Amino acid sequence: YSGGAVAATAGLNKTAGRMLRRFEQGYPQDPRQDEARARLGTVYENLDRPVAAARAYERSLDFEPVNAGQRHLRAGDLWLQAERPWLAWSHWEKASEDPDSAAQAWVRMARARLEVGDFEGADEYYVHMLDAGAVGEWQELARLGRAVCAEGRGDYVHALAELDLLEGE
């Protein structure tokens, strides 16, 4: 960024923060705060400030929005981006309780387990997906994930069986 762009970005940050504080003071229980905080999270994401964005999404959850599962996913992704996986994990667990975001949460948790070589732990999340009745691309992803986990454990027979199931579906 040039010096002018950095100054403009800092100015936007301050302005957005001031606007939200004024709104909070004037309308402390206003349900629009939920959307205002989520939008502020998007602004912080665009400014490449994952910690501030995650906190804004977390604060939007105080108002129990309809799309809470998706906001938990987003907050978790941002905490992971900010290298705070323990905070990401708690949001993904909450997202997994919402039927509309559970599959996405289980995939994120499985991939996190795979990154550290925990094939058994990752496999559990793919099994959750199948047990919950995953269909279409989610079912394919779960089968493929189970095959990867089996291969990682050295269980090539199971890996091939999962791939056969994948081809048959």
Side-chain angles (χ1 to χ4, degrees), residues 1-119 121-126 128-129 132 134 136-142 144-145 148-149:
Y1 293 114
S2 69
V6 170
T9 299
L12 283 173
N13 268 338
K14 288 179 183 176
T15 301
R18 272 196 310 268
M19 289 173 62
L20 184 59
R21 280 191 295 281
R22 284 185 191 145
F23 185 76
E24 288 173 338
Q25 291 167 352
Y27 306 95
Q29 299 303 316
D30 192 312
R32 293 177 296 172
Q33 279 198 44
D34 149 41
E35 189 59 34
R37 292 175 194 282
R39 287 185 183 180
L40 184 60
T42 302
V43 168
Y44 283 136
E45 279 186 79
N46 292 333
L47 295 172
D48 197 26
R49 297 199 43 212
V51 171
R55 286 185 177 141
Y57 282 114
E58 286 176 337
R59 291 186 68 197
S60 78
L61 289 161
D62 292 343
F63 295 89
E64 300 177 11
V66 174
N67 59 349
Q70 290 301 312
R71 290 202 189 158
H72 277 296
L73 288 172
R74 196 70 216 119
D77 293 348
L78 288 160
W79 282 123
L80 186 64
Q81 183 182 340
E83 298 181 7
R84 298 181 187 177
W86 61 94
L87 294 171
W89 197 268
S90 67
H91 281 286
W92 293 337
E93 285 179 330
K94 289 175 185 168
S96 73
E97 297 168 7
D98 178 353
D100 294 331
S101 59
Q104 295 172 62
W106 289 327
V107 167
R108 285 166 168 84
M109 290 188 283
R111 288 183 177 160
R113 295 280 185 172
L114 284 174
E115 283 187 31
V116 296
D118 181 2
F119 299 107
D123 194 44
E124 288 178 28
Y125 293 106
Y126 292 124
H128 283 313
M129 289 173 68
E137 65 185 45
W138 292 110
Q139 184 180 40
E140 292 174 12
L141 184 61
L144 187 57
V148 167
C149 291

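Values in this document were obtained by computation on a predicted structure and should not be read as measured data.
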Undergrad: For atom CD of Glu124, is the number of surrounding heavy atoms from other residues, nucleotides or ligands below 6.0 Å larger than 12?
TA: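 No.
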Undergrad: For the pair Arg39 and Glu35, find out whether any cationic side-chain nitrogen is under 4.0 Å from an anionic carboxylate oxygen.
TA: yes
Undergrad: Would you mind reporting whether Trp89 and Lys94 have side-chain heavy atoms less than 4.5 Å apart?
TA: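 In short, these two side chains do not touch, never coming nearer than 4.5 Å.
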Undergrad: Going by the angle between their ring planes, with limits at 30° and 60°, are His91 and His72 parallel, tilted or perpendicular?
TA: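 It falls in the tilted class, 30° to 60°.
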Undergrad: Report yes if the side chains of Glu45 and Pro50 come closer than 4.5 Å at any heavy-atom pair, otherwise no.
TA: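 No, too far: nothing below the 4.5 Å cut-off.
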Undergrad: Give a yes-or-no answer on whether the side chains of Tyr57 and Thr42 include a donor-acceptor pair shorter than 3.5 Å.
TA: yes
Undergrad: Looking only at heavy atoms, what is the nearest atom pair of Ser101 and Ala95, with distance?
TA: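 Answer, listing the atom of Ser101 first, then Ala95: OG-O, 2.8 Å.
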Undergrad: Compare every heavy atom of Ala122 with every heavy atom of Cys149, then report the nearest pair and how far apart it is.
TA: SG-CB, 3.6 Å
Undergrad: For Arg113 and Phe119, what are the C-alpha separation, side-chain angles and deciding distance, and is it a side chain to side chain contact (heavy atoms under 4.5 Å, CB included)?
TA: CA-CA 7 Å; Arg113 295 280 185 172; Phe119 299 107; over 6 Å; no
Undergrad: Can you tell me if Ser96 uses its side chain to pair, donor with acceptor, with the backbone of Trp106 under 3.5 Å?
TA: no
Undergrad: To check you understand the geometry: which heavy-atom pair defines the closest contact between Ala53 and Leu78, and what is its length?
TA: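 So the minimum-distance heavy-atom pair works out to CB-CD1, 3.7 Å.
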Undergrad: Would a distance-only check, ignoring hydrogens and angles, find a side-chain to backbone donor-acceptor pair under 3.5 Å from Asp118 to Gly121?
TA: yes
Undergrad: Of all heavy-atom pairs between Gln139 and Ala134, which one has the smallest distance, and what is that distance?
TA: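 Nearest pair, atom of Gln139 first, then Ala134: CB-O, 3.3 Å.
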Undergrad: If every non-hydrogen atom of Trp92 is compared with every non-hydrogen atom of Leu80, which pair is closest and at what distance?
TA: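 Reported closest heavy-atom pair: CH2-CD2, 3.7 Å.
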Undergrad: Determine, for Asp77 against Arg74, whether the closest basic-nitrogen to carboxylate-oxygen distance falls under 4.0 angstrom.
TA: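 Yes, charged N to carboxylate O under 4.0 Å.
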Undergrad: Work out which heavy atom in Asp100 is nearest to a heavy atom in Gln70; give both atom names and the distance.
TA: O-NE2, 3.8 Å
